[in-house]
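Worksheet: the structure to be examined is printed underneath.
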Amino acid sequence: MTASSAEAPSPPRWRLVAKVESHAIVTTLNADLEVEHVESRPLDSWWHGGIDGDDARWVWSDTNRWYPRALGAEVAISRCYDLRLGHAILRDSALVRDATPVRAATQWETVADEPAVAAAPALFEWDAPVATGIPDDPDEVLAEFVRQKQAVRASTDPARLRLLLAAESAGALLATEMNAAGLPWDRAAHESLLEDLLGPRPTPGELPAKVSALAATVREALGDASASLDSQPKLLRSLHRVGIPAESTNRWELGEYDHPVIAPLIAYKKLTRLMSANGWAWLDEWAANGRFRPVYVPGGVVTGRWASSGGGALQIPRHLRRAVRADPGWRLVVADVAQLEPRILAAMASDEALAAAARDRDLYEGIVASGVVNSRQEAKIAVLGAMYGATTGDSGRLVPALRRAYPRAMGLVDAAAATGEQGGVVSTWLGRSSPGASTGWRDVQAAAALPDATEADRTRARRSARDRGRFTRNFVVQGTAAEWALAWLADLRRRLASLPPVDEAASAPRSGPVFARRAHLAFFLHDEIIVHTPAAHADAVANHVRQAADAAARLLFGDFAIDFPLDLRIADDAAKD
DNA sequence: AATAATTGCGCG
DNA sequence: AAAGCGCGCAATTATT
């Protein structure tokens, strides 16, 4: 079991922080979870007498609730245990033998329509309505911590779950820090791009010049000066009137038709999309003061990926990346993992053939070189189809070749799909499990099994079974990739903290969190990171980024020969291509 | 008038 | 050229 090699060198101590009325209660526990010390501290300095000098780890209800206050006072915390996130993992993990005590503690469930994260300024207010509803009472915090530790200890694989929980909590710290630091955003670069594409900023209520010109062209081609272009049903009717029998107005279907209206219409849709998603209003709201501050939501996706809330943080169009620009005297280190998910799959399945195809090169080219398919494009389609469960089209046709060449990797995802189709639960490498089948899903399956079931019942059941199979098929890979990425981030965060801060007199460390005076993570998106670093440290940072990727690979997969090559650039901006 | 669902498109 | 996973958001229409 490779994941067990990462045991803490010394037994950790824990420092719980909770809240009673207007005081923070800090409880120190030894490694056996026995109370060593309890003290009361002011809420606005609960971290004082902090623990950076010792090996203790903060335990708290919710990183969003506690950490922003410390960060706001320029105190960075190196390690924590987030009970809310831990609860969500342990409640569902198939590695936990008896989840009853954890599940019974429903007060630790995050209510869906009560966002776990809110806009940063409000987080500093203890009594603001952003309160998550998660307990802060010292007895309850201790009780939940003990429940979770017990669930892990009695699990089928405590080492893996401990890794997962530590990584999840490290991610929570980082999410808060990245929100505080922000991604350096060049307003002028963004504005000039908007002006080039859309025209000068219009007065409110008006369309930019280039957009209204395109709209006029489209209306002329439709022969209708008052045609509505923003209403899908009306646009569809207009298209039908000029002889375009489209069933939808999405771009690829429109592209199928040969008509003078198509090109300007597609251009119009592109521009209005840019305008409404990342136009001047977005710039004013999300990238004021030279920083884009996404609200990251660790664990926000069932698979363990991060979600985001506000600003479309994870959907920044590629061509806008050039507006990400380092401060004077600083650089960006931009790195992403090439073909993360198929590499993860190769390692999970111990598929030596797939790992060999991936080694030291583009994985898709490796598959072509092995003679499995004829072109890189085919390899890509086949691999994506294998991981997503494609059954038709080019992708579906190519999957069988992959199944012959890489039976272990394909066996793993096929098994995950079969489990899901039968209503079962699948788990990632470190033990995050998929949600169980819903009662609605079970009802559909049960109805189809009855003697008087109709053919329609059976068709519906088969379809929903396959839908669920595609979800579980992808869950194991996407979720384990998210774990790898968390391990990468956590190790990199620790490495960057060891770099020296810039000399305040010499450079431009503006105002901002204390950790942002040295190289720090500024952006994360599934398999990509951006580090903002003093120029003098950029090469060192690049090495740390690579070493952290290697460390993540070894932490998860031990000696299995899989590599995770990075596309890495040191630059002043984060432009793609 | 407020809320829900639909459509389309940006990202991995 | 295209149909298969996971998201968030804006604009519009449909529902209450």
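A, B, ... follow the sequence lines: proteins, then strands. Residue 1 opens every chain. Computed from a predicted model, the values in this text were never measured in an experiment.
For the pairing with A:Asp362, the salt bridge (charged side-chain N to carboxylate O under 4.0 Å, His left out) check across A:Arg343, A:Arg376, A:Lys380 returns one residue only, A:Arg376.
Using a 4.0 Å heavy-atom distance criterion, A:Arg318 is classed as a sugar-phosphate-only contact. Within the nucleic acid shown, A:Lys269 comes within 4.0 Å of sugar-phosphate atoms alone, with no base atom in reach, counting heavy atoms only. In this structure, A:Ala307 reaches the sugar-phosphate backbone alone: every heavy-atom distance under 4.0 Å involves primed, P, OP1 or OP2 atoms, never a base. Using a 4.0 Å heavy-atom cutoff across all strands shown, A:Gly311 reaches sugar-phosphate atoms only and no base atom. Within 4.0 Å (heavy atoms only), A:Glu256 reaches sugar-phosphate atoms of the nucleic acid but no base atom.
Between A:Asp351 and A:Arg408 no salt bridge is recorded (no basic side-chain N to carboxylate O distance below 4.0 Å).
Remark: P of B:dC9 and CE of A:Met275 are 15 Å apart, rounded to the nearest angstrom. What separates CD of A:Gln315 from P of C:dG8 is a distance of 8 Å, to the nearest Å. Here B:dC9 presents its P atom at 11 Å from CD of A:Glu253, a figure rounded to the nearest Å. Distance CG (A:Asn278) to P (C:dG8): 16 Å, rounded to an integer number of Å. In this structure, A:Leu274 atom CG and C:dA10 atom P are separated by 14 Å, rounded to whole Å. The CZ atom of A:Arg321 sits 15 Å away from the P atom of B:dG10 (whole-angstrom rounding). Taking atom CD1 of A:Ile316 as the reference point, atom P of B:dC9 lies 18 Å away to the nearest angstrom. In this structure, the CD atom of A:Glu341 is 13 Å from the C1' atom of B:dC11, given to the nearest Å.
A centroid separation of less than 6.0 Å is found between the aromatic rings of A:Trp282 and A:Trp185. Between A:Trp429 and A:Phe557, the distance from one ring center to the other falls under 6.0 angstrom.
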Strictly under 3.5 Å: I want the nitrogen or oxygen pairs between protein and nucleotides 11-16 of chain C, one per line.
unit_1	atom_1	unit_2	atom_2	d
C:dT13	OP1	A:Ser231	OG	2.9

Name the pairs: protein N/O against N/O of nucleotides 3-6 of chain C, kept only if under 3.5 Å.
unit_1	atom_1	unit_2	atom_2	d
C:dG4	OP1	A:Thr392	OG1	3.4
C:dG4	O3'	A:Arg470	NE	3.3
C:dC5	OP1	A:Arg470	NE	2.7
C:dC5	OP1	A:Arg470	NH2	3.2
C:dG6	O4'	A:Gln478	NE2	3.2

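Stem analysis of DNA chain C (at least three stacked-register Watson-Crick or G-U pairs, each with both distances under 3.5 Å) gives B:1-12 with C:5-16.
Between the side chains of A:Ser238 and A:Asp224, not a single donor N or O lies within less than 3.5 Å of an accepting N or O. Using modelled atom types, one finds a donor on one side chain and an acceptor on the other under 3.5 Å when comparing A:Tyr67 with A:Glu177.
Side-chain nitrogen and oxygen atoms of A:Thr249 include at least one within less than 4.0 Å of the OP1 or OP2 phosphate oxygen of B:dG8.
Side-chain atoms of A:His190 come within 3.5 Å of backbone atoms of A:Asn278 as a donor-acceptor pair (strictly under, hydrogens ignored). Checked by atom type and distance alone, the side chain of A:Gln339 pairs as donor or acceptor with a backbone atom of A:Leu363 at under 3.5 Å.
Here the straight-line distance linking atom CG of A:Leu354 with atom CG of A:Leu402 works out to 7.5 Å at 0.5 Å rounding.
By the neighbour-count criterion of 12 heavy atoms within 6.0 Å, atom CD of A:Glu220 is sparsely surrounded, having that number or fewer from other residues, nucleotides or ligands. Applying the 6.0 Å contact sphere to CZ of A:Arg322 captures no more than 12 heavy atoms from other residues, nucleotides or ligands. Crowding of A:Arg321 atom CZ: a count of heavy atoms from other residues, nucleotides or ligands under 6.0 Å exceeding 12.
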